[in-house]
Structure formats: C-alpha cells, structure tokens
Protein chains: 2
Amino acid sequence: MTEKHIKPTEAELEILQVLWEKGPSTVKTVHESLDGIRSVGYTTILKLMQIMIQKGLLTRKRDGRNHIYAAVPERKAVQRQLLDRFLNGVFGGSAQKMVMQVLGQYRASPRELKEIRQYIKKLEKDKS
Amino acid sequence: MTEKHIKPTEAELEILQVLWEKGPSTVKTVHESLDGIRSVGYTTILKLMQIMIQKGLLTRKRDGRNHIYAAVPERKAVQRQLLDRFLNGVFGGSAQKMVMQVLGQYRASPRELKEIRQYIKKLEKDKS
DNA sequence: TGTTCGATACGAAGGGTTTCGTAATAACAA
DNA sequence: TTGTTATTACGAAACCCTTCGTATCGAACA
C-alpha cells in the first residue's frame with residue numbers, strides 16, 4: 001500500500017477527505033458531503049470514484065444495491081507525499097522557511113504555540 | 001499587483017522560481033536552468049512564458065534580439081496563497097498539524113529548530 | 001412476471017496545461 | 001544588400017481533469 005506516486009487531483013482529494021473522515025461510505029454519502037460545500041452532480045462524484053478505483057485510490061464492495069467505497073492510501077501517507085512536493089516546489093525544500101511562514105500567516109492560539117514549542121524541544125532532546 | 005487569484009500551474013511555478021532566484025532573465029537562461037533538472041524543449045519554455053505574459057504573471061522588455069522576462073507577483077505573495085490552499089485542502093486548515101508534520105518529517109538542524117523556537121517565543125510575546 | 005426506482009456504467013464534451021514543430025522575424029556579419 | 005543564425009510567434013496535437021446526460025442494471029415489490 002506504499003504507492004510510489006500518490007498524486008490525487010483536487011477533486012480526488014476532496015473525496016479522500018470524506019472517506020478518511022467518515023470511513024467507508026456510499027457514493028450518496030460522499031456526494032451529500034461535498035454537495036453541501038460546492039454544487040456538484042451525483043454522477044460526477046460517481047464517475048470520479050470509479051476512476052479512482054482504476055487508479056487504485058479506492059476499493060469497494062457490494063452491499064445490496066449499493067457500493068461501499070473505502071480509501072486505499074492512508075491519510076498520513078498522502079499528506080506526507082503532498083507535503084514533500086509542496087515544500088520542494090514552493091519553498092525550495094526549506095522546512096524552516098515554510099514553518100515560519102505558516103506561523104506568521106495564521107495566528108495559532110497560545111496553546112497551540114506552546115504545544116509546538118514543546119514538540120520542538122522534544123525533537124531537540126531526541127537528537128542529542 | 002495584489003492579484004486576487006494567483007494560481008500558477010506547476011510548470012509556471014518552476015519558471016517563477018527561476019526568475020525569483022536569478023532575477024530578470026532570458027528564455028535561454030530559464031530553459032537552461034530547467035532543462036538541467038528535467039528534459040524540456042526550448043520552445044516549450046518560450047511558449048509557457050508567452051502565456052504567462054498574457055496571464056499577467058510575467059512582464060518583459062526587449063534587449064537587442066532578446067526579451068528579458070521578469071516575474072510580476074512577489075514570491076512571498078504566491079507562497080502565501082498556495083500555502084493557504086494547501087493547508088486547507090490537505091490539512092483541514094490546521095496550521096498546527098501541518099507544522100508538526102513538517103518538523104517530524106524533515107529533521108531541521110539544531111540551529112534551525114532553535115530559530116523556530118525563538119520565533120515562536122517572539123510571536124507569543126507580540127500577542128500579549 | 002413485470003414494473004418501478006435508485007444506483008451504476010459509460011461516453012463524450014468542455015476546458016485547461018504542456019509539448020513541440022514550423023514559420024516568421026530581427027540582428028549581425030560579410 | 002544579402003545570407004546566416006539566434007530568437008520569437010504561432011498553431012495544433014496530446015494529454016488530463018471535471019462534468020453531466022443517458023443508458024443500463026438489479027433489487028424489491030405488486
């Protein structure tokens with residue numbers, strides 16, 4: 001399951017998000033989730049999910065007259081890959097630059113900042 | 001110059017990177033930079049850069065028989081926009097989750113970690 | 001069995017990106 | 001001026017993603 005090149009499109013990523021969030025679901029469920037955010041046809045989602053099966057991004061099993069779809073790659077794995085590409089493509093591979101930009105751009109709550117700081121301290125300890 | 005929707009494609013982003021890095025350049029320079037990384041034709045880059053002019057991503061001026069191209073949007077502005085989309089699309093908008101994943105995934109040097117920690121402290125102070 | 005109705009399968013259009021071949025152009029040199 | 005060469009302009013193909021209309025299927029029920 002450790003696919004070399006996971007590269008979901010934007011629409012595919014939306015679908016994966018729903019499945020990661022809700023667990024294995026029908027097309028109907030996924031469609032209802034997404035249609036709430038942006039208007040999109042039922043068969044559009046269906047088609048996308050069928051394509052995603054061919055690409056190996058989803059699996060499915062029959063359940064009466066429905067299909068139940070499940071995400072194949074794990075959320076973390078996809079995030080890791082996309083992050084890697086993004087970091088290299090947009091920030092020249094500098095994790096530091098990216099982190100600082102994120103922290104400056106979105107004000108994390110004091111609690112979050114503290115947690116991040118502690119996480120860094122932990123990393124610093126683990127290293128030595 | 002504060003474009004509402006800056007959304008360079010991948011190829012366009014590569015070109016912008018070169019121009020941000022090297023400053024205003026000819027097609028030849030950009031092509032040589034990119035061709036070193038992945039094989040791509042000269043006229044492909046030329047065409048892309050011409051399209052980018054139409055989109056307002058680049059400007060150019062004549063210089064003898066050449067054109068000198070320059071990036072229009074600032075690096076930081078593009079990074080900010082792309083980061084915003086990425087964070088929302090991939091990490092559900094949680095800066096904290098993303099930062100922690102980045103820090104865990106790429107080991108920053110002790111010096112970088114320290115700098116980030118200090119930056120956070122600065123943020124914490126500014127807030128109060 | 002035959003009808004109904006929700007779900008699936010499929011084709012094709014529309015839009016965008018990337019690619020490159022070829023034609024036109026302009027500077028420079030002979 | 002004319003030829004040579006580097007550069008630009010342009011068109012079109014190939015590819016991919018997204019969208020949806022329509023056809024098909026199949027379970028449930030009368």
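Just so we're on the same page: letters track the sequence lines, and every chain starts at 1. Hydrogens, waters and symmetry mates are skipped; everything else that's a heavy atom, side chains included, is used.
In this structure, A/Glu12 contributes its side chain and A/Thr9 its backbone to a donor-acceptor pair below 3.5 Å. Although no hydrogens or angles enter the test, the distance criterion places no donor-acceptor pair under 3.5 Å between the side chain of A/Asp84 and the main chain of A/Arg80. No donor-acceptor pair under 3.5 Å is formed between the side chain of A/Gln101 and the backbone N or O of A/Met98.
Counting to the nearest Å, the C1' atom of D/dC20 and the CG atom of A/Leu46 are 11 Å from each other. Distance CZ (A/Arg38) to C1' (D/dC17): 12 Å, rounded to an integer number of Å. The nearest whole Å value for the distance from the CD1 atom in A/Ile53 to the P atom in C/dA9 is 8 Å. The nearest whole Å value for the distance from the CG atom in B/Leu58 to the P atom in D/dT8 is 13 Å. Distance, A/Asp63 CG to C/dG6 P: 17 Å, rounded to whole Å. Protein atom CD1 of A/Ile51 is 15 Å distant from nucleotide atom P of C/dA12, rounded to whole Å. Atom pair B/Asp35:CG and C/dT19:P shows a separation of 11 Å (rounding to whole Å applied). As a whole-Å value, the separation of B/His67 NE2 from C/dA26 P is 10 Å.
At D/dC29, none of the side-chain N or O atoms of A/Arg65 fall inside 4.0 Å of OP1 or OP2 (strictly under the cut-off). The shortest distance between the side-chain N/O atoms of B/Lys47 and the OP1/OP2 oxygens of D/dT7 is not below 4.0 Å. Of the side-chain N and O atoms in B/Lys7, none sit less than 4.0 angstrom from OP1 or OP2 of C/dT17. In this model, the phosphate group of D/dT7 is not approached by any side-chain N or O of B/Arg60 to a distance below 4.0 Å at OP1 or OP2. Contact annotation: B/Tyr42 reaches the phosphate of D/dT8 (side-chain N/O to OP1 or OP2, under 4.0 Å). Residue A/Thr44 has a polar side-chain atom (N or O) positioned under 4.0 Å from OP1 or OP2 of D/dC20. Side-chain N/O atoms of A/Thr43 include none lying less than 4.0 angstrom from OP1 or OP2 on C/dA9.
Each of B/Gln50 and A/Thr9 has a nearest nucleotide on DNA chain D; the 5'-most of these lies closest to B/Gln50.
Side chain to side chain, B/Lys22 and B/Ser33 meet the donor-acceptor criterion of an N or O pair below 3.5 Å. No hydrogens or angles considered: nothing links the side chains of B/Tyr42 and B/Asp35 as a donor-acceptor pair under 3.5 Å.
Listed nucleotides C/dA9, D/dA9, C/dT19 differ in distance to B/Leu48; the shortest reach to its side chain belongs to C/dT19.
Applying side-chain contact (heavy atoms from CB on, under 4.5 Å) to B/Val72 and the options B/Leu19, B/Leu16, B/Leu57, B/Thr59 leaves one that passes, B/Thr59.
Under the 4.5 Å side-chain criterion, counting only non-hydrogen atoms from C-beta, B/Tyr69 is not in contact with B/Ile15.
Within residues 10-28 of chain B, the residues having any heavy atom closer than 4.0 Å to DNA chain C are, in order of number, B/Glu10, B/Ala11.
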